[in-house]
Amino acid sequence: NLSAQDTGSGLFQMRFSNDNATWSAWETYAVTKAYSLTSGDGAKMVYVQYKDKTGNISTTYQSVIILDTTPPAKPLVTDEGETTTSTNTLIASWSSPDPESEVVEYEYAIGTSLGSTDVVNWASTNNLNSIVRSGLNLFVGNTYYFSVKACNSVGLWSEVGSSDGIKVIKTDEIIRK
């Protein structure tokens, strides 16, 4: 959205540039403008100038626009180890970088196979990158997997990343070295 005002003769036209050197043709002033950015993700500088009805040209105004067409990286998910004796709590953490924009939400699920949601369906942690999930009904002998996906500030979701699984064992099965 564009916002400008001229208290003299009034706004008449505007023009744009990606480099502050090569400008588009003058066009009628409007409060919105569809504009093509240079290719590639990352920070894009956009410049605008305004002309009033008597021909005076404004100073150049600029704004940075972050172009992001790629989702966050597939999350790297780590659970609390190979085994646990807990039958009601699981713990996991994860990371999912996004160089163009920030990750604003993570969702996780827990299942008895990679990517499944048969224990806990997808649930948001907002932007927290770890969870201690209690109140579960886990069975000795089963292996449980965390699955995680990340969403960035432009609404793009990552692929699902999964932990390597954690098996519930009896306390007397703990191997002592």
Side-chain angles (χ1 to χ4, degrees), residues 1-79 90-111 114-117 119-133 145-164:
N1 288 348
L2 305 166
S3 176
Q5 67 183 77
D6 180 81
T7 57
S9 64
L11 290 171
F12 178 53
Q13 294 179 315
M14 59 186 182
R15 67 180 182 173
F16 299 88
S17 174
N18 287 323
D19 60 9
N20 200 22
T22 305
W23 290 87
S24 66
W26 287 101
E27 59 188 86
T28 302
Y29 171 75
V31 295
T32 60
K33 166 71 176 161
Y35 187 71
S36 296
L37 299 171
T38 56
S39 63
D41 285 355
K44 308 293 180 182
M45 189 68 73
V46 178
Y47 302 88
V48 62
Q49 290 180 332
Y50 301 99
K51 187 190 297 187
D52 68 14
K53 292 177 182 172
T54 58
N56 297 313
I57 298 174
S58 71
T59 58
T60 300
Y61 298 94
Q62 64 190 37
S63 183
V64 175
I65 297 172
I66 304 298
L67 178 61
D68 186 358
T69 61
T70 57
K74 180 179 177 179
L76 176 61
V77 185
T78 306
D79 53 37
L90 293 174
I91 300 169
S93 61
W94 49 85
S95 64
S96 178
D98 188 331
E100 290 83 32
S101 60
E102 68 178 314
V103 172
V104 295
E105 182 179 11
Y106 292 104
E107 288 188 355
Y108 77 97
I110 302 172
L114 284 173
S116 72
T117 61
V119 177
V120 175
N121 204 355
W122 291 106
S124 178
T125 66
N126 295 313
N127 62 351
L128 299 176
N129 65 344
S130 64
I131 188 76
V132 176
R133 180 62 193 252
Y145 301 86
F146 276 90
S147 297
V148 177
K149 54 187 175 180
C151 184
N152 65 17
S153 61
V154 296
L156 300 173
W157 285 93
S158 70
E159 293 179 51
V160 174
S162 295
S163 68
D164 61 358

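None of these values were measured; they are calculated from a predicted model.
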**Q** Going by the rule salt bridge (charged side-chain N to carboxylate O under 4.0 Å, His left out), which residues pair with Lys149 if we only count those two or more places apart in sequence or in a different chain?
**A**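 Here the qualifying residues are Glu107.
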
**Q** Closest heavy-atom contact between Glu100 and Leu67?
**A**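 What the structure gives for the nearest pair is CG-O, 4.1 Å.
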
**Q** Is any side-chain heavy atom of Lys44 closer than 4.5 Å to a side-chain heavy atom of Thr38?
**A** yes

**Q** To the nearest 0.5 Å, what is the distance between CG on Asp6 and OG on Ser58?
**A**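 These two atoms lie 9.5 Å from each other.
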
**Q** Between atom OG of Ser93 and atom CG of Leu128, what is the distance when rounded to the nearest 0.5 Å?
**A**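 Reported value, rounded in 0.5 Å steps: 12.0 Å.
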
**Q** State, with a plain yes or no, whether a side-chain heavy atom of Pro71 is found less than 4.5 Å away from one of Trp157.
**A**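 No, their side chains stay 4.5 Å or more apart.
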
**Q** Tell me, do Thr125 and Trp94 make a side-chain contact under 4.5 Å, heavy atoms counted?
**A** yes

**Q** Say you draw a straight line from CH2 of Trp26 to NZ of Lys51; how long is it, rounded to the nearest 0.5 Å?
**A**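 Here the interatomic distance stands at 5.0 Å.
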
**Q** How close do Asp68 and Val154 get, heavy atom to heavy atom, and via which atoms?
**A** O-CG2, 3.7 Å

**Q** Between Ser116 and Gly111, which heavy-atom pair has the shortest distance, and what is it?
**A**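 That would be OG-CA, 3.1 Å.
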
**Q** Does one side chain, of Ser17 or Thr22, offer a donor that lies under 3.5 Å from an acceptor on the other?
**A**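 Looking only at side-chain atoms, Thr22 and Ser17 do not form any donor-acceptor pair under 3.5 Å.
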
**Q** Can you measure from SG (Cys151) to CG (Asp98) and round to the nearest 0.5 angstrom?
**A** 9.5 Å

**Q** Who pairs with Lys33 by salt bridge (charged side-chain N to carboxylate O under 4.0 Å, His left out), at least two apart in sequence or on another chain?
**A**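 Partners of Lys33 by the salt bridge (charged side-chain N to carboxylate O under 4.0 Å, His left out) criterion, ordered by chain and then number, come out as Glu27.
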
**Q** I need the Leu11 CG to Asp52 CG distance, nearest 0.5 Å.
**A** 7.5 Å

**Q** Can you find a pair of side-chain heavy atoms, one from Tyr61 and one from Tyr50, that are under 4.5 Å apart?
**A** yes

**Q** What heavy-atom pair brings Ser96 and Ala150 nearest, and what distance separates the two atoms?
**A** OG-CB, 3.5 Å

**Q** In terms of heavy-atom contacts, does NZ of Lys74 have more than 12 from other residues, nucleotides or ligands at under 6.0 Å?
**A**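 Not buried by this count: 12 neighbours or fewer within 6.0 Å.
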
**Q** Taking side chain as C-beta onward, heavy atoms only, is Phe146 less than 4.5 Å from Ile110?
**A**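 Sidechains of Ile110 and Phe146: in contact.
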
**Q** Quick one: closest heavy-atom pair of Tyr106 and Asn129, and the distance?
**A**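 The pair with the smallest heavy-atom distance is CE1-CB, 4.1 Å.
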
**Q** Considering all heavy atoms of both residues, which atom of Asn20 and which atom of Thr60 are nearest to each other, and what is their separation?
**A** OD1-CG2, 3.4 Å

**Q** For a 4.5 angstrom cut-off between non-hydrogen side-chain atoms, does Asn127 reach Val104?
**A**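 No - every pair of side-chain heavy atoms lies 4.5 Å or more apart.
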
**Q** Does the side chain of Asp41 come under 3.5 Å of the side chain of Thr70 through a donor N or O and an acceptor N or O?
**A** yes

**Q** Angle class for the Tyr35/Phe16 ring planes (parallel below 30°, perpendicular above 60°, tilted otherwise)?
**A** tilted

**Q** Starting at OG of Ser24, measure out to CE of Met14 and round the result to the nearest 0.5 Å.
**A**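 Answer for the OG-CE pair, Ser24 versus Met14, is 8.5 Å.
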
**Q** Ser147 side chain to Val160 main-chain N or O, any donor-acceptor pair under 3.5 Å?
**A** no

